[in-house]
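Heavy-atom basis, side chains included; hydrogens, waters and symmetry copies ignored. What you see is a predicted model, and the numbers here were worked out from it, not measured in a lab. Just follow the structure's listing: the first ligand is 1, and inside any ligand the first atom is 1.
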Amino acid sequence: MKKSNTPPKRVLVKTWGCQMNVYDSERMSDILHPLGFEDTDNAEDADLVVLNTCHIREKAAEKIYSELGRLRKIKAERQANGLQTKIAVVGCVAQAEGAEILKRAPVVDLVLGPQSYHKLPEMLSGLETGGSDSARTVLATDFDVDEKFKQLPKKRVATGPTAFLTVQEGCDKFCTFCVVPYTRGAEHSRTTDEITAEARALVTSGVREITLLGQNVNAWAAAAPTGVDETWGLAQLLGHLSKIDGLDRLRYTTSHPRDMDAQLIAAHGSLPKLMPYLHLPVQSGSNRILQAMNRQHTIEEYFSKITDIRRTRPDIALSGDFIVGFPGETDQDFEDTLHCIREVGYASAYSFKYSPRPGTPGAGLDDQVPEPIKSERLQRLQALVWEQQLAFNQAQIGKMLPVLFERVGRHAGQLGGRSAYLQSVYVQAAPELIGQIVDVQIISASNNALSGQLVSA
Ligand code: 5AD
Ligand code: SF4
């Protein structure tokens, strides 16, 4: 039988939710690898399972409990064979429902909020020495983002030619539908020096494209590099990172329309490495609903930002997020949202039925919209977006687009990459081209991908 103090060696990290969760999961692996953990995709082999969770909509949160049901059986089977399995729930569900998880799912050993995952090694060794029950501690209330980034390993090893880099976390906007200000805490920007060092390390290990991440990334504001006595905004940070040799492409997400200032818009015209793609969620096209959502801007202000952005970078691909069925949304409010989509013309968009989240002001509002109406509106909205996506992709047919190859495709001899507009592009090409930016002649398009051929082929 395995000795109780033998450290676990295989870890399965499962990720739900946004790109920041993907980043957080990679950083957790960075912490665990030096402790002797190797990654596995298989729960049956895992000594440690980390579930990195999302609380943004009810559906996302529910998935965790069904996953825990599955893991309970695997843990029991492994135990029957003398093997221990530790289960950690981390991320936003952990933050919002920490105590409830421990009550509802005794199979869970650890619960860590998104600002506490750097404590994973400490918590694991607590489990080893204190026995499983005494170490079941909820760390969900810690919001010390500075401390987290200080504790994380400085060196990052890239897993491919593209990488996410968190520059800002948390949110002070308090949209009335959203849990993020409660699960991720207040806005916090990492320093220019810290971000630059991480970007350089990524480029040294082969990364050519970096996407800067933040819940409100364009609210990023921090001290300029050491020696420069200024406070910088995102436009200056992008300009600074553009100077890194070997880094070819920069992106950022997610932005709030209110923080889309003139400097940042101008950066889209002056920084060649900044890709012509912008995710700028509006959520609704109705001023009445925008106000009820506490979005802090009107639809006219949003349109005016879009006009400025398009004037600066005419070929920019725009993407957005939409919520249908926010409490009180009438047929006319919904028509206003469709009007917004027709006016802007999106290259892609994400859309969701409103999901009341416990503790947010929206959940307590009268006039919740019935489920069948939400479903019907979502379907109509998605059909319109689908048409626009297809039109945007088809407009690339016949063009030559630079593509950064990222991975092998599903079919033999195929590579997958991204255009500057973030479209997936598939080409028959040799795997040696992964990590290179190569001109591709686009020959066909669907609503979610392009295919093409190498010019020299
Ligand atoms: N219900 C539905 N969608 C939501 N989003 C955030 N909170 C909710 C909610 N309660 C959507 C928003 C946001 C995206 C990340 O998720 O559109 O921009
Ligand atoms: Fe949520 Fe609104 Fe903050 Fe975005 S801006 S994270 S939607 S509260």
Side-chain angles (χ1 to χ4, degrees), residues 15-23 53-63 91-93 95-97 114-115 143 145 166-189 213-220 234 252-260 278-286 289-297 301-302 305 318-329 334 337 340-341 344 346 348-365 368-369 371 373-375 377-378 381-382 385:
T15 311
W16 287 266
C18 62
Q19 290 147 324
M20 196 172 288
N21 267 13
V22 175
Y23 174 87
T53 63
C54 173
H55 201 243
I56 199 97
R57 284 169 292 276
E58 193 183 0
K59 250 193 188 159
E62 269 170 8
K63 287 184 188 148
C92 292
V93 178
Q95 185 71 38
E97 298 181 11
Q115 311 306 5
F143 269 125
V145 191
T166 293
V167 300
Q168 182 278 334
E169 271 199 64
C171 182
D172 296 340
K173 293 280 190 301
F174 289 93
C175 298
T176 54
F177 53 81
C178 186
V179 287
V180 166
Y182 311 96
T183 56
R184 291 268 173 180
E187 272 178 16
H188 172 90
S189 294
L213 296 182
Q215 265 89 35
N216 248 316
V217 73
N218 57 345
W220 181 87
L234 190 65
Y252 60 93
T253 198
T254 289
S255 296
H256 192 286
R258 271 209 31 176
D259 297 315
M260 208 62 221
L278 177 64
H279 184 62
L280 194 62
V282 65
Q283 314 294 355
S284 167
S286 152
I289 298 296
L290 286 174
Q291 194 172 16
M293 287 176 164
N294 189 33
R295 289 291 291 177
Q296 305 173 40
H297 65 79
E301 286 162 343
Y302 179 77
K305 298 263 171 162
L318 293 167
S319 126
D321 289 343
F322 294 92
I323 295 178
V324 299
F326 186 78
E329 186 186 73
F334 176 64
T337 299
C340 163
I341 296 172
V344 173
Y346 289 93
S348 70
Y350 303 89
S351 48
F352 315 97
K353 288 191 256 186
Y354 172 65
S355 166
R357 307 309 295 127
T360 60
L365 291 176
Q368 298 287 330
V369 173
E371 193 57 30
I373 296 183
K374 286 188 203 173
S375 299
R377 288 180 184 165
L378 187 69
L381 189 154
Q382 288 182 337
V385 166

### Task
Could you list which atoms of ligand 2 come closer than 4.0 Å to a heavy atom of Phe177?
7 (S)
### Message
Less than 3.5 Å apart, any donor N or O on the side chain of Lys59 or Ser355 sitting next to an acceptor on the other?
### Response
no
### Message
Under a 3.5 Å threshold, yes or no: a donor from one side chain and an acceptor from the other, between Thr253 and His279?
### Response
no
[Y]/[X] salt bridge by N-O under 4.0 Å criterion:
{"X": "Glu301", "Y": "Arg258", "result": "no"}
{"X": "Glu329", "Y": "Arg377", "result": "yes"}
{"X": "Lys305", "Y": "Asp259", "result": "no"}

Among all protein heavy atoms in this structure, tell me which lies nearest to [atom], with the distance rounded to 0.1 Å.
{"atom": "atom 1 (N) of ligand 1", "answer": "Ser355 N, 3.0 Å"}
{"atom": "atom 6 (C) of ligand 1", "answer": "Ile56 CG1, 3.4 Å"}
{"atom": "atom 7 (N) of ligand 1", "answer": "Phe177 CD1, 3.3 Å"}
{"atom": "atom 18 (O) of ligand 1", "answer": "Asp321 OD2, 2.6 Å"}

#### Entry: Those atoms of ligand 1 less than 4.0 Å from some heavy atom in Arg57
1 (N), 2 (C), 3 (N), 4 (C), 5 (N), 11 (C), 16 (O)
#### Entry: Arg357 neighbourhood, listing ligand 1 atoms whose heavy-atom distance to it stays under 4.0 Å
10 (N)
### Task
Report yes if the side chains of Ile56 and Cys178 come closer than 4.5 Å at any heavy-atom pair, otherwise no.
yes
Residue part near ligand 1, for [X], under 4.0 Å between non-hydrogen atoms:
{"X": "Gln283", "result": "side chain"}
{"X": "Phe352", "result": "side chain"}
{"X": "Ile323", "result": "side chain"}

### Task
Sequence neighbours left out, what passes side chain to side chain contact (heavy atoms under 4.5 Å, CB included) with Thr53? Give chain and number order.
Leu51, Ile64, Val89, Val93
### Query
Do Arg57 and Phe352 meet the cation-pi criteria used here (NZ or CZ under 6.0 Å from the six-membered ring centre, within 45° of the axis)?
yes
### Query
Under the side-chain contact (heavy atoms from CB on, under 4.5 Å) criterion, do Tyr252 and Leu278 qualify, and how do the steps go?
CA-CA 8 Å; Tyr252 60 93; Leu278 177 64; 3.4 Å; yes
### Task
Just jot down the side chain to side chain donor-acceptor pair (under 3.5 Å) partners of Gln168, sequence neighbours excluded, or say none.
none
### Message
Please tell me whether Tyr182 and His55 form a close aromatic pair, meaning their ring centres lie under 6.0 Å apart.
### Response
no
### Message
Suppose the cut-off is 2.8 Å; which protein N/O/S atoms would you list for atom 3 (Fe) of ligand 2?
### Response
Cys171 SG
### Task
Kindly identify the option in Lys353, His55, Glu58 whose heavy atom sits closest to atom 2 (C) of ligand 1.
Lys353
### Query
For ligand 2, is there an atom lying under 4.0 Å from some heavy atom of Met293?
no
### Counterpart residues, salt bridge (Lys or Arg N to Asp or Glu O under 4.0 Å), relative to Glu97 (two or more places apart)
none
